[in-house]
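Below is one structure, written out as structure tokens, with a few remarks after it.
All values below were derived from every heavy atom in this structure, side-chain atoms included, with hydrogens, water molecules and symmetry-related copies excluded. What you are looking at is a predicted structure, and each value in this text was computed from that prediction instead of being measured.
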Amino acid sequence: MKTDSNYIYPPSRKLALSEEILMQVEKPARYIGGEKNSIYMEPSEVAVHFCMCFPDVYEIGMSHLGIQILYEMFNSFEDTYCERVYSPWPDLDEIMREKNIPLFSMETQTPIKDFDFLGITLQYEMCYTNVLQVLDLSGIPLRSKDRGFEFPIVMAGGPCTYNPEPIADFFDIFYIGDGETSFRELIDVYKEVRDSDGTKEEFLFRASQVPGIYVPSLYDVSYNEDGTIAEFKPNKTGVPEKVKKQVVTNLDDTYYPEKPLIPYIRATQDRVVLEIQRGCIRGCRFCQAGITYRPVRKRSVEKLKDLAIKMLESTGYEEMTLSSLSSSDYEQLGELVTFLIEQGEKYHCNIALPSLRIDEFSLDVMSKVQDVKKSSLTFAPEAGSQRMRNVINKNLTKDVILEGAITAFKGGWKRVKLYFMLGLPGEEDEDIRNIADLADEIAAAYFENIPKEKRQGRPEITASSSFFVPKPFTPFQWVSMGTADYFEEKRLMLTDHFKTKLNKKSLRYICHDAKTSELEGLFARGDRRLSDFIEAAYKKGCIFDAWTEHFQYDIWYELIDEMGIDLEFYNYRERNEDEILPWDFIDAGVTKQFLWREYMLSKEAITTPNCREKCSGCGCARFKTGVCVGEA
């Protein structure tokens with residue numbers, strides 16, 4: 001049983017890295033642990049030792065709410081102790097390899113290979129080589145087939161598990177869906193098998209019976225002559241043909257970090273985070289999160305008020321923000337923000353709002369927390385023309401955007417950020433040029449509606465574009481993706497068009513990297529045949545591919561040629577309705593029929609109402625929760 005006596009005072013730990021090594025690396029605080037609200041126990045006093053991993057640098061990992069939630073959940077279990085690990089930055093990576101120092105946990109500095117579980121969260125496809133870095137530095141064989149029960153069970157969760165196939169060979173288990181539902185059962189199964197001297201194979205088979213658990217080794221794939229999947233099926237009787245996404249049905253009655261971890265150094269999100277709801281009612285056709293997190297479920301405003309006070313008291317943070325895919329759709333947002341402002345004054349904490357829809361209500365809410373300094377406002381039109389916004393089901397008109405901007409300008413704002421995508425299905429050059437046109441109209445609206453004597457210089461309109469990457473479980477999972485050359489051509493065209501605008505001095509245009517997007521697209525819809533490719537890139541030195549300064553695209557593209565990776569097959573072709581997709585074995589709640597219907601509607605630029613306006617029959621009503629039963 002866990003008691004206060006189980007907790008170790010942090011200074012009693014022996015650090016895995018000497019002072020000499022810590023002095024050689026850029027930020028030693030990334031590796032020493034000891035943060036406020038960390039939990040310290042003696043691993044030998046619990047049955048299961050679990051390590052949560054974020055395969056990126058510490059500052060990014062410490063900003064991830066999911067790990068904070070699971071960290072508190074695991075450590076609430078009587079029989080489990082959970083610690084953390086992050087990817088060592090390249091400076092320490094080099095030293096650890098040179099001196100044969102095994103990767104270790106933050107809390108007790110225990111070698112990762114000595115844990116029972118290593119749980120890795122997969123937020124972004126470009127972190128896949130970092131997964132191999134973590135395994136390699138830990139002394140854990142990269143491939144699941146080469147690891148016995150003496151090594152940790154290596155498992156993954158997060159958005160990328162909605163197509164786990166490109167990295168299936170590296171993992172023993174994938175967890176599909178909300179992490180708060182099935183871990184207790186999985187840990188119980190592990191204990192039963194281990195305590196009865198069972199084998200890893202026995203554990204994996206029994207784990208496959210746990211809802212939401214996918215065990216890649218228990219499924220076989222065969223391919224047609226054209227490279228498409230011929231069959232994907234279990235190779236053992238009793239293994240489910242479909243793995244069902246897990247859904248938390250009541251967010252008030254689940255785990256949440258009342259005492260979140262506080263880093264010694266500034267994290268990317270250096271603030272208290274209050275998750276107000278999960279899911280999104282909007283149904284944008286490009287958005288994987290908006291589909292896979294369905295249905296929308298909210299926390300009650302009473303629960304959020306209670307959590308806010310507890311987190312403010314346990315952290316001392318100077319800023320709090322809200323977390324949601326679409327915070328404007330939280331119906332008690334005004335009441336919640338008013339309460340948070342009152343508590344913020346008491347605890348000397350500022351309230352920072354996420355991107356909201358720009359309407360009168362949202363601007364009124366924002367004005368309450370930005371009375372002194374008006375920061376920038378964010379619009380996400382995603383496409384420049386109304387036709388393309390209809391194609392992607394972004395129910396936002398130019399009039400609404402301009403009205404919102406004018407209201408914001410009159411309220412004292414002058415900085416506006418606009419987010420767009422290039423390469424959307426069916427786009428034409430005119431749609432792309434409309435991006436600059438819209439930005440210019442917003443700048444013009446400032447001059448037309450704000451008298452000279454009230455202007456504070458020019459408006460600052462920043463338009464940012466990324467490149468569209470088709471993702472699994474979206475209506476666009478079947479579409480062809482643009483090439484890097486196409487993206488670059490359209491980026492240059494749009495850059496030139498911005499220079500022709502009347503208000504060009506008020507406009508700024510920035511764009512994401514095309515080659516990174518091309519690889520992201522490859523991994524997003526790839527299959528098991530890519531595992532060798534990813535491992536080869538890692539062994540040639542590719543890590544931290546999500547970081548521009550470390551992304552070695554020359555190595556990746558050399559390997560594409562050497563290994564015969566067919567980008568035409570994976571990225572540039574349109575799939576047909578009957579093709580078996582690598583992720584079809586996952587039941588994500590939404591039906592394939594619904595997604596195809598939405599894809600067909602996109603071709604006609606017909607929009608679909610949001611979930612509150614009308615049920616579109618996506619399939620998620622089966623969960624009997626949230627917006628599907630009128631609760632959100």
Side-chain angles (χ1 to χ4, degrees), residues 55-56 120-132 156-171 174 176 214 216 221 227-229 232 245 284-293 382 392 421-425 466-484 486-487 512-535 537 542 545-546 551 553 556-557 559-560 565-575 579-586 588 590 592 595-596 598-599 602:
D56 205 328
I120 303 176
T121 182
L122 300 174
Q123 297 294 312
Y124 181 36
E125 291 87 351
M126 298 310 293
C127 286
Y128 286 170
T129 53
N130 277 50
V131 170
L132 302 189
C160 293
T161 61
Y162 283 98
N163 179 21
E165 290 304 277
I167 47 172
D169 288 348
F170 308 124
F171 285 91
F174 290 92
I176 314 295
Y214 168 51
V221 192
T228 57
I229 294 174
F232 187 104
K245 173 186 80 171
C284 296
R285 291 171 178 143
F286 59 84
C287 183
Q288 185 185 50
I291 297 292
T292 56
Y293 283 104
E382 307 295 356
I392 64 177
M421 283 184 287
L422 299 181
L424 288 166
S466 60
F467 296 113
F468 168 68
V469 176
K471 292 293 177 86
F473 294 104
T474 68
F476 292 152
Q477 64 182 1
W478 289 277
V479 306
S480 60
M481 179 180 170
T483 66
Y486 172 86
F487 288 151
H512 188 61
D513 175 64
K515 287 187 169 63
T516 306
S517 298
E518 196 163 55
L519 278 177
E520 181 186 344
L522 174 62
F523 299 144
R525 294 190 293 175
D527 52 43
R528 289 193 188 186
R529 292 170 290 188
L530 294 179
S531 292
D532 290 344
F533 173 57
I534 294 169
E535 183 174 345
C542 290
D545 298 302
F551 178 50
Y553 70 87
W556 283 105
Y557 280 85
L559 285 171
I560 285 174
I565 303 299
D566 188 352
L567 289 177
E568 177 67 37
F569 174 81
Y570 286 112
N571 281 17
Y572 309 146
R573 69 183 179 91
E574 182 166 350
R575 281 79 169 154
E579 180 173 336
I580 298 174
L581 304 174
W583 51 90
D584 275 351
F585 68 92
I586 297 173
V590 296
K592 197 171 182 180
L595 295 174
W596 182 262
E598 283 292 295
Y599 181 31
S602 79

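Note: Thr516 OG1 to Phe551 CZ = 4.0 Å, rounded to the nearest 0.5 Å. From Leu519, atom CG reaches atom CD1 of Ile560 across 5.5 Å, with rounding to the nearest 0.5 Å. Here Cys287 contributes atom SG and Ile392 contributes atom CD1; the two are 10.5 Å apart, rounded to the nearest 0.5 Å. Atom CZ in Phe523 sits 12.5 Å away from atom CG in Leu122 (nearest 0.5 Å).
Put simply, the side chain of Arg525 gets close to the backbone of Asn571: a donor and an acceptor are under 3.5 Å apart. At least one donor-acceptor pair under 3.5 Å links the side chain of Ser517 to the backbone N or O of Asp513. Counting only distance, with no hydrogens or angles, the side chain of Asn163 and the backbone of Gly526 share a donor-acceptor pair below 3.5 Å.
Looking at heavy atoms from C-beta onward, Arg528 lies out of side-chain contact with Pro166 at the 4.5 angstrom threshold. Within the 4.5 Å cutoff, no side-chain heavy atoms of Thr161 are placed close to those of Ile586. You'll find the side chain of Arg285 stays beyond 4.5 Å of the side chain of Tyr599, heavy atoms only.
Salt bridge Glu579/Arg573: present, at least one basic N to carboxylate O contact under 4.0 Å. Using a 4.0 Å cut-off between charged side-chain N and carboxylate O, Asp527 and Arg529 make a salt bridge.
Taking all atoms of both residues into account, the shortest heavy-atom contact from Ala514 to Ala484 is CB-O, 3.9 Å.
Between Tyr214 and Phe174, the ring planes lie parallel to each other; the angle is under 30°, not in the 30° to 60° tilted range. Under the 30°/60° scheme for interplanar angles, the aromatic rings of Phe487 and Phe467 are found to lie parallel. Ring geometry for Phe468 versus Phe476: interplanar angle over 60°, hence perpendicular rather than tilted (30 to 60°).
With sequence neighbours left out, Glu125 forms a salt bridge (charged side-chain N to carboxylate O under 4.0 Å, His left out) with Lys471.
Using modelled atom types and a 3.5 Å distance limit, the side chains of Tyr128 and Glu535 yield no donor-acceptor pair. Counted by atom type alone, Thr121 and Gln123 present one or more donor-acceptor pairs between their side chains at under 3.5 Å. For the 3.5 Å distance criterion, the side chains of Glu518 and Tyr486 fail to qualify, holding no donor opposite an acceptor.
Aromatic ring centres of Phe473 and Trp478: separated by at least 6.0 Å.
The 12-atom threshold is not exceeded at OH of Tyr553, counting heavy atoms of other residues, nucleotides or ligands nearer than 6.0 Å.
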